[in-house]
Number of protein chains: 2
Amino acid sequence: MSDELLRALDQAGVRLTGPRREIAALIAKRNGHFTAADLIADASKRRLGVGRATIFRLLDLLAEQGLVERVDLPDGRHAYVPCEPSHHHHLVCVACGAIAEVEDCGIDAVTSEASRRSGFTIESHRLELFGRCPNCRSAN
Amino acid sequence: MSDELLRALDQAGVRLTGPRREIAALIAKRNGHFTAADLIADASKRRLGVGRATIFRLLDLLAEQGLVERVDLPDGRHAYVPCEPSHHHHLVCVACGAIAEVEDCGIDAVTSEASRRSGFTIESHRLELFGRCPNCRSAN
DNA sequence: GGGGTGTTGATACTTGGTCTCATTGTGTGC
DNA sequence: GCACACAATGAGACCAAGTATCAACACCCC
Ligand SMILES: [Mn+2]
Ligand SMILES: [Mn+2]
Ligand SMILES: [Zn+2]
Ligand SMILES: [Zn+2]
């Protein structure tokens, strides 16, 4: 469940505190993308005494380690998804929030073409794909 | 300068009011990306009496018309860039904020490959490329 | 030039996130 | 196991971005 997150945090040399364990468990229990506000609501529902700031701090930490990644939803909200630390992109289901990961499938060709045309040196890119997962598609 | 924006707004059947003309002029005077806060600062520096809300409202309007597009900067800020109303993507210079537009250069292949692998139906995508423009690259 | 209606700006409010700081809890060395 | 140094916590103030409300106003068509 949340063991992977905790293990990775430990590896990174940060302290494994009570609040961090609890928040990690909340994250593991979610599926699809979630916002900081979601976690704050979860925490208060379960009467965990964790502070709002602690949740933001842990999200930052996890993002630094590449264990979660920030996704900018089309409506402007900032969401997170649990994540492999290697470079890849996300498909986001606009109906249920489910996430699929795709590794580079030809995007390097796109960036180098764009670089050639524009004269820019490209240092990073962000690709987000929005659509419907197999479930939500068949459920119509 | 700001004539294009105004003409397009007129075409879309919205009223060409004083505040809208002034804000359009501010946008035209900018280069590269800008935030709502930038415009608010510009407006107050020139002692235009335009309200904060009016600026947000016009940005929404322009975005609906595809005359500006929102770019989510890597640091989480929401910026806007003046824009052609047709689909395309942006290269953003991380040093000076300059923008270049690129039309689809092979991204359809990427999305259909991702769709095939994941089973998702893809409805929209967002690609943002970050790097350095020719100027900033040579200036080192 | 009036008049209906879309627009405006002041202001209050909400939401997302950061900062500070006194208190607590963790890992480490012994 | 114990003490200690220092990382982490939570409460709360604070800040910034954006939205809602509403009375006053201005555009545009006639
Ligand atoms: Mn991922
Ligand atoms: Mn554009
Ligand atoms: Zn779905
Ligand atoms: Zn540049």
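Values below: all heavy atoms of this structure, side chains included; hydrogens, waters and symmetry mates excluded. Letters A, B, ... mirror the listed sequences (proteins, then strands); counts begin at 1.
Taking only side-chain atoms of A/Arg15, from C-beta outward, the nucleotide of D/dT9, D/dC28, D/dA7 with the closest atom is D/dA7. Closest to the side chain of B/Arg57, out of D/dC28, D/dT21, D/dA17, is D/dT21.
Among residues at least two apart or in separate chains, side-chain hydrogen bond (donor to acceptor under 3.5 Å, both in side chains) pairs with a member in residues 31-42 of chain B are B/Arg30-B/Asp42, B/Thr35-B/Asp38.
In 5' to 3' order, the nucleotides of DNA chain C bounding all contacts with chain B (an atom under 4.0 Å from a heavy atom) are C/dG4 to C/dG9.
Test A/Val81, A/Leu59, A/Leu26 against A/Phe34 for side-chain contact (heavy atoms from CB on, under 4.5 Å) and you get one pass: A/Leu59.
Between A/His125 and B/His89, the distance from one ring center to the other does not fall under 6.0 angstrom.
Direction of the helix axis in the helix from C/dG1-D/dC30 to C/dC30-D/dG1 shifts by 40° between the two five-pair termini, rounded to 10°.
At whole-Å resolution of the value, CZ in B/Phe34 and P in D/dA17 are 15 Å apart. Atom CD1 in B/Ile40 sits roughly 9 Å away from atom C1' in D/dG18 (whole-Å rounding). Residue A/Glu64 contributes atom CD, which lies 11 Å from atom P of D/dA8 at whole-angstrom precision. Here the P atom of nucleotide D/dA16 and the NE2 atom of A/His78 are 17 Å apart, to the nearest Å. Remark: C1' of D/dT9 and CZ of A/Phe56 are 16 Å apart, rounded to the nearest angstrom. Distance CG (B/Leu59) to P (D/dA17): 13 Å, rounded to an integer number of Å.
Across all their heavy atoms, A/Glu101 and A/Cys83 have their closest contact at OE2-CA, 3.7 Å.
Among the protein residues, A/Gly76 comes within range of no part of the nucleic acid, since none of its heavy atoms lies under 4.0 Å from any strand. Within the 4.0 angstrom heavy-atom criterion, only backbone atoms of the sugar-phosphate kind lie near A/Gly18; the bases stay farther away. Within 4.0 Å (heavy atoms only), B/Arg52 reaches at least one base atom of the nucleic acid.
Annotation: side chain of A/Val94 is not in contact with side chain of A/Val92 (no heavy-atom distance under 4.5 Å).
Taking CD1 from A/Ile99 and CD from A/Glu128, the interatomic distance works out to 9.0 Å, rounded to the nearest 0.5 Å. For the atom pair A/Ser115 OG and A/Asp108 CG, the distance stands at 12.0 Å (nearest 0.5 Å).
A salt bridge links A/Glu113 with A/Arg116; the closest basic N to acidic carboxylate O contact falls under 4.0 Å. Salt bridge annotation for A/Asp72-A/Arg126: present, with a cationic side-chain nitrogen under 4.0 angstrom from a carboxylate oxygen.
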